[in-house]
There are 2 protein chains.
Amino acid sequence: MRLGALAYARRVRLVIARCSVDYAGRLSAHLPLATRLLMLKADGSVLVHSDSLSYKPLNWMSPPATFSTIDPDQEQVDAGVSEIWKVSQAKTADLLVISIHEILHDSAHELGIDPGLQKDGVEADLQKLLAAQIELLGDGHTLVRREYMTAIGPVDILARDADGAAVAVEIKRRGDIDGVEQLTRYLELMNRDPHLAPVRGVFAAQEIKPQARTLAEDRGIRCLLLDYDAMRGLDDSHSRLF
Amino acid sequence: MRLGALAYARRVRLVIARCSVDYAGRLSAHLPLATRLLMLKADGSVLVHSDSLSYKPLNWMSPPATFSTIDPDQEQVDAGVSEIWKVSQAKTADLLVISIHEILHDSAHELGIDPGLQKDGVEADLQKLLAAQIELLGDGHTLVRREYMTAIGPVDILARDADGAAVAVEIKRRGDIDGVEQLTRYLELMNRDPHLAPVRGVFAAQEIKPQARTLAEDRGIRCLLLDYDAMRGLDDSHSRLF
DNA sequence: GAATGTATCTCGACG
DNA sequence: CGTCGAGGTACATTC
């Protein structure tokens, strides 16, 4: 537990203001003059929100950031700017400049320490389930082991088919091209091992993107769609809310 | 059950409240009782923020969402709940339930329509600029087209060199190994097309990581560093911040 | 700390 | 409307 975090006032400042915003960092971005919500958090970070397009701020500065206000020059005053906020991140040299024209609301609130989010039932233990239901690969398949180690990392599942031939399975929640590349590297390596070769590949996922499927099948890798709910059994539904 | 107090146009409502939050959708999640900022946007979406961990809300509901309040039952009243907010998304059946224990601040603000963010310096800009300045690939190069479609996706730029040979260009802001892999897949596919083959590859980026450069050159792919500022300078533009 | 994989990803573009 | 790729991805976990 860090004492430093406790020493700070856990406050959030909410400002509704007509403002324009400029950001310079990895890219440049500009927000023309409009009324927005500015949220200043305890760690110096700043979020600029509009009244729609949830989740993502229009613009922001990530912590740790330093906040300062500077006086507008005469030209800016003439343009209607009353105050300029400068938010900078020393490490990345990112800079967020908020030109305030008019503050319509300004309040600060003590929030206290948040116990944090508890997630539940996310972790697709697809791997565990598929290992337990290895026959989903096809009749007569047997499990050799999960997390079969190779020189470049663990293959999710190594199995053998009815004829005793090795089968390497890569499991993803969403099957993307990256996953196919990953499995391809494993297969290339494993097929150099005379104890294993020939090794066939199975790309298993709850959802397989068409391009990934195309690439996989082009490389002789079989695609297997996994039905998570069916595999988990319909017994435990996450109806904790009702 | 009374319907949304939030059916107003272009407004954002800010509430500071002691509350607990439950979410059920792709996953289940729970936030224990604590003081948080609740942001209700005009489109019915809701964000639950703490005073740190910028950018991402602790919990949220994406638009389009419908908002309603329901009265707590006796058990909930005994537990200190004064009000329950229910935010649901019809399409996905996601549900966010906020159990309000105490409201410490409550204000609503008219924001108006936001003109939106103007971005500058992303991959699309690089692609446009390189297409316009195709001679950066070398003397005598000509543009065939941007976003040349293949079965596994569009190649950023297809050009021909002074001898009329095809050149496939993959453009990245930051060139790492993934980009080289991507270009390699395109090249492999395109080289099967007798109308195109042989196709040479060029990996163009503002910044190319050493590992990516090594891999690319090992595969006969030429690396090209792009100077965005210089390229933009040949075009017409201006820096806004200073 | 760097690298890797996931995400209630979000968001835009394009067919 | 789906699909696909990029993101100032953000964020957690592992090496």
Side-chain angles (χ1 to χ4, degrees), chain A residues 21-29 45-48 52-63 65 87 89 91-96 116-117 119-124 126-127 147 152-154 156 170-179 181-182 205-214 238, chain B residues 21-30 45-48 53-63 65 87-89 91-96 116-117 119-127 146-147 149-156 170-174 176-179 182 209 211:
Chain A
V21 183
D22 287 278
Y23 167 80
R26 301 266 179 82
L27 56 70
S28 301
S45 62
V46 176
L47 284 75
V48 180
S52 56
L53 294 169
S54 164
Y55 187 83
K56 196 179 176 177
L58 288 168
N59 218 324
W60 71 96
M61 180 60 69
S62 299
V87 189
Q89 220 199 17
K91 203 156 53 177
T92 60
D94 286 18
L95 179 63
L96 185 72
L117 186 67
K119 286 186 180 180
D120 196 31
V122 210
E123 263 325 294
L126 285 172
Q127 190 190 111
E147 303 285 350
I152 55 172
D156 288 338
E170 178 65 34
I171 300 173
K172 295 284 179 198
R173 214 170 73 75
R174 276 160 47 191
D176 216 343
I177 277 186
D178 289 349
E181 295 287 9
Q182 193 180 344
Q206 281 186 271
E207 176 197 346
I208 297 179
K209 304 231 167 145
Q211 293 193 349
R213 180 181 291 275
T214 302
H238 38 67
Chain B
V21 182
D22 287 278
Y23 168 80
R26 299 261 186 93
L27 56 75
S28 299
H30 174 71
S45 62
V46 176
L47 284 74
V48 181
L53 293 169
S54 168
Y55 190 81
K56 195 178 176 177
L58 289 167
N59 216 325
W60 71 94
M61 178 61 67
S62 300
V87 188
S88 54
Q89 221 200 15
K91 202 158 61 173
T92 60
D94 286 18
L95 179 63
L96 186 71
L117 187 66
K119 282 187 182 178
D120 188 26
V122 290
E123 185 188 316
D125 292 317
L126 284 173
Q127 192 190 109
R146 288 167 46 198
E147 303 286 348
M149 270 311 292
T150 73
I152 55 170
V155 177
D156 287 338
E170 179 63 36
I171 301 174
K172 293 289 176 196
R173 214 162 40 72
R174 276 162 21 193
D176 61 12
I177 280 188
D178 286 351
Q182 191 179 345
K209 303 237 168 132
Q211 290 188 347

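- The salt bridge (charged side-chain N to carboxylate O under 4.0 Å, His left out) search around A:Lys56 returns none, not counting sequence neighbours.
- The interatomic distance linking A:Asp94 (CG) with D:dT9 (P) rounds to 9 Å, in whole Å.
- A:Ile208 meets the side-chain contact (heavy atoms from CB on, under 4.5 Å) test with A:Phe203, A:Ala205, A:Ala212, A:Arg213, A:Cys223, A:Leu225; sequence neighbours excluded.
- Residues satisfying the side-chain contact (heavy atoms from CB on, under 4.5 Å) test with A:Leu53, not counting sequence neighbours, are none.
- Contacts of A:Ser45 classified as side chain to side chain donor-acceptor pair (under 3.5 Å), with partners at least two apart in sequence or in another chain: A:Asp43.
- For the side chain to side chain donor-acceptor pair (under 3.5 Å) test, no residue two or more places apart in sequence or in another chain qualifies with B:Thr150.
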Check nucleotides 3-6 of chain D against the protein and report each pair of N or O atoms closer than 3.5 Å, with its distance, or say if there are none.
unit_1 : atom_1 : unit_2   : atom_2 : d
D:dC4  : OP1    : A:Pro210 : N      : 3.4
D:dG5  : OP1    : A:Gln211 : OE1    : 2.5
D:dG5  : OP1    : A:Gln211 : NE2    : 3.4
D:dG5  : OP2    : A:Gln211 : OE1    : 3.3
D:dA6  : OP1    : B:Lys172 : NZ     : 2.9

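- The OH atom of B:Tyr23 sits 12 Å away from the P atom of C:dA7 (whole-angstrom rounding).
- Scanning for salt bridge (charged side-chain N to carboxylate O under 4.0 Å, His left out) contacts around B:Glu123 gives an empty result, with sequence neighbours left out.
- Rounded to an integer number of Å, the gap from CG of B:Leu47 to P of C:dT8 is 14 Å.
- The two residues B:Lys172 and B:Gly179 have their closest heavy-atom pair at CE-CA, 4.1 Å.
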Between protein and nucleic acid, restricted to nucleotides 10-14 of chain C and to nitrogen or oxygen atoms under 3.5 Å apart, what atom pairs and distances do you find?
unit_1 : atom_1 : unit_2  : atom_2 : d
C:dC11 : OP1    : A:Ser54 : O      : 3.1

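- Taking the C1' atoms as reference points, C:dT8 lies 24 Å from D:dT14, given to the whole Å.
- B:Arg173 is linked by a salt bridge (charged side-chain N to carboxylate O under 4.0 Å, His left out) to nothing, counting only residues two or more places apart in sequence or in another chain.
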